[in-house]
Structure formats: structure tokens, C-alpha cells
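Note sheet for the following structure.
This structure is a prediction, so every number in the text was calculated from the model and none was measured.
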Number of protein chains: 2
Amino acid sequence: MTGESITTPGTATDEAPPPSTADLLLVAAASAFRRKGYAETTTRELGSAVGIAGASLYYHYKTKEDILYGLCQESLRRLTERVAPLAELSDSIDDLQAVIEAHVGTILRDRDMHATMLVEMRSLSDERRNHVIERRDSYETLIRGVVARVQAAGGLRADLSARDLTRALLSMLNWTIFWYREDGELTIEELATQLGSLFLEGAATR
Amino acid sequence: MTGESITTPGTATDEAPPPSTADLLLVAAASAFRRKGYAETTTRELGSAVGIAGASLYYHYKTKEDILYGLCQESLRRLTERVAPLAELSDSIDDLQAVIEAHVGTILRDRDMHATMLVEMRSLSDERRNHVIERRDSYETLIRGVVARVQAAGGLRADLSARDLTRALLSMLNWTIFWYREDGELTIEELATQLGSLFLEGAATR
DNA sequence: GTCTATATTGTGATAGAC
DNA sequence: GTCTATCACAATATAGAC
């Protein structure tokens, strides 16, 4: 897995290397797994999506499950990589808003991959699933740290625990993977701002 | 499908009829579909869960997909049945809070079934999936009606559309199917109250 | 690095006895 | 209503040629 190259190529710079077939397979798999589910997607479909035979996939990956596992790992690597710098030591409402926007932006910009991690995780072997769950829990702990510090600083209400606040927050943010459309009326940034504002200020008039 | 008998039997009254095998199969299927997914669950597992052979299931249902479809239909029937009476004509914050509690209570009390509807819907045939999506959209329209009326009455902020408010609300509520545990520290009622309060009043200190 | 051919296993569903 | 036996097919994965 060559790091960043899984992403859809942006505005190509001069020496952007062409994505490897292995990476193209990851992209195709994320798309198919999110739309149809892991078990419903055949290796032949995955191959066909990148222009090779189904069996040729086994030159790049040992098993179909390896692809799912790779996607889960990469999803959590990116989430942590992008959110952790913002989460460390942050303790203000504005810091939390930034974390919210980074989380939403990350999961929606590579929505196929992150949705696959969040919902197809269950198709992994026990050992691998436990490992992914551990990493996901670590990520949530990161967010809970921010929430707890803002709360300790008096910025968040104290009648709910940091754990409960964090769960409610991530619930609201994560379900967007099921309905957000790039071609809809909201950009990812607008949506993230909305959700942050709603979580912090609430929906009722003041 | 004999209506209420899908539910786990509560404190049995005197003349409670024993659940039919067909209904037991629905319960077992909801549980398995939520834990492992529709495609990953075999007809042999479903039979075994109720003490019959896999093939015997075909006496009660024509296809495996019929069971999934039945669950989706029943999920939406119950949601609508329980929420609609509260939603009609309601226009106050308290009405909305009641709707929130009814929605959360319904999906979490029969979590297997509602989770199956929400996430396994995609495994239905195009025609059936479209029908389920239609009913789900109707249900969301019901909720959006409440939101819009409370908003028009001045109870909800007007800088976001009723549609956006409703989506954010249902996002926060629905993701609970992934993490709520009966044996956890929150009862369903406590959680519903928390989420309602958070959505309406927000997480920030006032 | 990709192909075709195929081994192997598992699955949904049917037939017919009881 | 449930069983056993089985059909028909689809799927993952491997072998070996190119």
C-alpha cells in the first residue's frame, strides 16, 4: 500500500506517479463494498472494475479479506493522521469545532473507504476485527480527550459525561456517510459547519 | 406475519399465544442479519437458530429475501405506528422531545429489526428496495413535519432548513443502533432524554 | 502481471418421504 | 411441518501458460 495514492488523483502535479493496480483495486473495492456490501461483492466484479480478470486480483492480494482489512487500516490511519494534530492539547470550543470539521471532512471526502471501515468491519476475521476495533476505540478516545478538556475548561455542559457527549457527537457525524451526496445542496464544509454549530449550540432558539 | 408477536415476549399474560415458527424465524433473522449481515447469514443458520433444518424454512417463507423484506416492512410499520400519533399536528418543543423519545425507544427496543432495515435494505431487489426507501422517506417526512411546525412556531432556529435539521437529528438518533447496549450504563429512556436535550439545547454551556 | 481452466466448497432452493 | 437428499449454481482461490 503506497500511502496517499489510494485517493482519487486531484489536480495532477507534474510527476504524479500513476496509481498502481493494487491501489486501483482498493478504490474499486471501497466503492463496491459501500454500495453492495463486502459479501455481496465478488472478486470478479473487483477485477472487472479495474480491467483485469477476477483471478488476477490474487497477484496483488492474498485474499479478498486482505483488501477489506487494508481499507479499514488505511481509513483509521488517515482519520488519526488528520485529526490528532488538531486534537492534541486543544481545550476551547473553537478547537472542538475544528476537530468536528476535520472528522466530517475526512470521512466524507473518502466516503467509500471510511463507510466501509465503519460498517463492513464485521466481515473481518475475529482477530483482525478486534484489531480494527481497538484502533477505532483509540481514535474515539482522542476525540473524547478534546471533549473532556473543553468540558473541564467550562466550555461544555457538565450534566453529561464526556463519554456520552462524544458518543452523541460521533453518532451525528458518522451517520452522514449514509446520506451525504456530493451533488447535493451542501458542500462537505457547509455540512460540517452546520453539524458543529448544531451540536454545540443546539437546535432550539435561545 | 402476525403483528406484535415478533417482539421478544414480555411478562407473559395468561392467554398469550405461543409465537409461530414463522415469527421466531423473523426474530432469529433480525438478530443474525444485524450481527453478521444478510449475505453472510445462511438459511441453515436461520433454521438452526429456531431448531429446524435449513430447508424447513422454505415451508414458512418462499425465499430468504422474503424474510429480509418482511423485517423491513415490519420495522417501518412499527415506527410509523408509534411515532405518527405523536407527530400529527405537534408544534412545540415538548412535542418534538416526545417524538425523539418515541423514535429512539422504538428503534432500540427492537434494535435487531430496525438496524436490519436501516443497513441491510441494500440487499433487497431493486423493486423491493425502492418500496422500502419510499416508506422510509415517508417516515422522515413525518418527522420533518414536526420540525417544520416547531420551527414555524419559533421554537427552532431558522438559519437551517427543516430538512437539514431533521437529517442532523435522525443521524444522531440512528447511529445509536451501532453502539447501544442493553447492559450498558444508560437505559433507553435515559439515552433518549439525553439525545433530545443535546439536539435541542446543544452541548455548549449557555 | 494477466490470462484461462479448474479444484473445491458453500449456498439457496426443490422433491418427496414421513 | 419437518426431515433427508440433492440439484444447480456461484464463489474464493490455485495452477500453470503466456
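- The side chain of B:Tyr59 contributes no N or O atom lying less than 4.0 Å from OP1 or OP2 of D:dT2.
- Under the salt bridge (charged side-chain N to carboxylate O under 4.0 Å, His left out) criterion, A:Glu45 pairs with A:Lys36, not counting sequence neighbours.
- Not counting sequence neighbours, B:Ser138 has no partner by the side chain to side chain donor-acceptor pair (under 3.5 Å) test.
- For the pair B:Leu68 CG and C:dG12 C1', the computed distance is 15 Å after rounding to whole Å.
- Here A:Glu101 pairs with nothing under the salt bridge (charged side-chain N to carboxylate O under 4.0 Å, His left out) rule; sequence neighbours left out.
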Could you list the donor-acceptor pairs under 3.5 angstrom formed by side chains in residues 51-60 of chain B, with sequence neighbours left out?
none

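- A sub-4.0 Å separation between OP1 or OP2 of D:dT2 and a side-chain N or O of B:Thr21 is present.
- With sequence neighbours excluded, the residues satisfying side chain to side chain donor-acceptor pair (under 3.5 Å) with B:Ser92 are B:Asp95.
- Scored by the side chain to side chain donor-acceptor pair (under 3.5 Å) test, B:Gln151 finds no partners at all (sequence neighbours excluded).
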Walk along nucleotides 11-16 of chain D from 5' to 3' and tag each nucleotide B, S or - by protein heavy-atom contact under 4.0 Å, base first, then sugar-phosphate.
BBBB--
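- What separates CG of B:Leu25 from P of C:dG12 is a distance of 13 Å, to the nearest Å.
- Within a heavy-atom distance below 4.0 Å of DNA chain D, no residue of residues 120-128 of chain B is found.
- Under the ring-ring contact (aromatic ring centres under 6.0 Å, His included) criterion, A:Tyr180 pairs with no residue, sequence neighbours left out.
- A close approach under 4.0 Å does occur between a side-chain nitrogen or oxygen of A:Ser56 and OP1 or OP2 of C:dC3.
- Between the OH atom of A:Tyr61 and the P atom of C:dG1 there is a distance of 12 Å, given to the nearest Å.
- For A:Lys64 and A:Tyr69, the positive end is not near the middle of the six-membered ring at less than 6.0 Å and at most 45° from its axis.
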